[in-house]
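Remarks on the structure that follows.
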Protein chains: 2
Amino acid sequence: MDFEPLGLATDLVILTVRDGRLQVLLIRRGIPPYRGRWALPGGFVRPDEDLETTARRELAEETGLSAERIHLEQVATYGAPDRDPRGRVVSVAYLALVPDLPAPVAGSDAASASWVDATDVLDDSGRLAFDHHRILADGVERARAKLEYSPLATAFCPAEFTISELRGVYEAVWGLPLDPRNFHRKVTKTRDFVAPIGTTTTRDGGRPAQLFHRGTATTLHPPMTRG
Amino acid sequence: MDFEPLGLATDLVILTVRDGRLQVLLIRRGIPPYRGRWALPGGFVRPDEDLETTARRELAEETGLSAERIHLEQVATYGAPDRDPRGRVVSVAYLALVPDLPAPVAGSDAASASWVDATDVLDDSGRLAFDHHRILADGVERARAKLEYSPLATAFCPAEFTISELRGVYEAVWGLPLDPRNFHRKVTKTRDFVAPIGTTTTRDGGRPAQLFHRGTATTLHPPMTRG
DNA sequence: CTCCTTGTCGTCACTATGACGATAAGGGGT
DNA sequence: ACCCCTTATCGTCATAGTGACGACAAGGAG
């Protein structure tokens, strides 16, 4: 077989929740095209490298987060013939959800990587290079949808978290406030969503809160409801 | 830029509901590799051709269904280095939902294309070439999930349909029986799911049934529930 | 000790749902 | 013409889930 010239890349939508806001990791491009513009982290797939392997490698290079337990999933593939001025480059987008850990951007490969408010970027469709605005929009929408029917919000949390911290994740990702009492009832009544540790914490102030860890569920019955 | 040798293809999971069963369009491969085995229709992306354009072209070639109104959506991309013995071939899978029209396979490009029961194929993981069993599984699961929260079941129906015919689609795709009375209530009460035409039909026997067409909704509130 | 903050439980009205009875309105057979 | 069979459609009822919100619990700060 001989093939047409074509590049294959992966781009990453790396999301976290910091200071109660949904943030995305962006890098400032140091080389053309789109030099000086913000872009999603990404890179070319190496020969004999699986797509997800490429994505995990990029994730590690850009963030220092090499842990296998980071949630990573494929979102979509973008292949418009003119999406990259260098030639035909098809990009497979992945979504990564990471907890708000210390030293996240440290050890990063890209010259200048930083966390940016996702809503700010989404509001300005010209801010990102290539078709990355669309990729980001699709990634964020995927995350919002998954929070409804999967326990994935816990991927944004440390291993042990309170119900309020989990609520903060939902509020940040969905961008709307939730009733603390109904949220508490819903989460604790949904089978295997979270399981109590038995200990409490006062790190959020106020009355000590129970600590929980992720449950065993892969799908939420019934789902959480947005708006 | 120079690129590693790599082929880019699209594969199609084309689903329909015939005789109350979910069926998938398969072709019998006439050339190696996997000669004589069943496979999903597909083909290579041409230079300067958009991915979805490729998928629509393949859809037209294999089924004669060139209508733009056929529902087509991207499902996922498969890129394991060894998934194709001919070399590195990355495949973008698309899901097409087509109504049970007359003369579907006629005018087809592939030597032998035919509708096969999806459940039969899914039950036998060795029946399909390449990693097509996984692609089919992912495509069918996508269809099942979308029937819950989108009005996409109507994509399997002709322009005008009865509630029972719509129920038949749900039963076939989900593989479980639904209560006709509750289903009727649910569908007619979900805003903009379907809209009555005003006329009736007796083509399904029994008491004449109202005819409906698709409503304007893109998401169902509340969703249909499986099981 | 008091106030302030957050956590947790409870109440209540309303909606959605599953199970299922009952009636409507055609077609086919005799 | 009539009866029966089939499917359509409406209704009932008990129950689960949800949004709105009151009330109390249990720490820390001043």
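Chain letters run A, B, ... following the sequence lines, proteins first, then strands; residues in each count from 1.
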Using the rule given for salt bridge (Lys or Arg N to Asp or Glu O under 4.0 Å), can you reason through E165(B) versus R203(B), listing the C-alpha separation, both sets of side-chain angles and the distance that settles it, and then say yes or no? CA-CA 10 Å; E165(B) 288 161 1; R203(B) 65 190 179 209; 2.7 Å; yes
Does the side chain of P180(B) come within less than 4.5 Å of R167(B)'s, by heavy atoms? yes
Would you mind reporting whether L25(B) and S114(B) have side-chain heavy atoms less than 4.5 Å apart? no
If the threshold is 4.0 Å, N to carboxylate O, is there a salt bridge linking E141(B) and R226(B)? yes
Verify the neighbour count for atom CZ of R127(A): are there more than 12 heavy atoms of other residues, nucleotides or ligands below 6.0 Å? yes
Does a side chain donor of either D11(A) or S91(A) reach within less than 3.5 Å of an acceptor in the other side chain? yes
Output a table of nitrogen or oxygen pairs between the protein and nucleotides 15-18 of chain C separated by less than 3.5 Å.
from: dT17(C); atom 1: OP1; to: K186(B); atom 2: NZ; distance (Å): 2.9
from: dG18(C); atom 1: OP1; to: T225(B); atom 2: OG1; distance (Å): 3.3
from: dG18(C); atom 1: N7; to: R185(B); atom 2: NH2; distance (Å): 2.8
from: dG18(C); atom 1: O6; to: R185(B); atom 2: NH1; distance (Å): 3.0

Indicate, with yes or no, if the rings of Y170(A) and F183(A) have centres closer together than 6.0 Å. yes
What residues in residues 154-174 of chain B put a non-hydrogen atom under 4.0 Å from any atom of DNA chain C? none
Among residues 198-221 of chain A, which contact DNA chain C at a heavy-atom distance under 4.0 Å? D204(A), G205(A), G206(A), R207(A), P208(A), A209(A), Q210(A)
Just how far, in rounded Å, is C1' of dC9(C) from CG of D179(A)? 13 Å
Write down the distance between NZ (K189(A)) and P (dT8(C)), rounded to a whole number of angstrom. 15 Å
Pairing residues for T216(B) by the side chain to side chain contact (heavy atoms under 4.5 Å, CB included) criterion, not counting sequence neighbours: D192(B)
Which residues satisfy the ring-ring contact (aromatic ring centres under 6.0 Å, His included) test with W38(A), sequence neighbours excluded? none
So, D117(B) side chain and T119(B) main chain: donor-acceptor pair closer than 3.5 Å or not? no
Taking A96(B)'s backbone N and O only, do any of them form a donor-acceptor pair with E73(B)'s side chain (distance below 3.5 Å, no angle check)? no
Nucleotides bounding contact with chain B, strand DNA chain D, heavy-atom threshold 4.0 Å: dT6(D) to dT12(D)
Between H132(A) and F130(A), how do the two ring planes meet: parallel, tilted or perpendicular, split at 30° and 60°? tilted
Counting distance alone, no hydrogens or angles: does the base of dG21(C) have a donor or acceptor under 3.5 Å from a partner atom on the side chain of R181(B)? yes
Can you check whether H184(A) has a side-chain N or O nearer than 4.0 Å to OP1 or OP2 of dG7(C)? no
May I have the step-by-step check of salt bridge (Lys or Arg N to Asp or Glu O under 4.0 Å) for R142(B) and D138(B), ending in yes or no? CA-CA 6 Å; R142(B) 169 73 67 92; D138(B) 292 347; over 6 Å; no
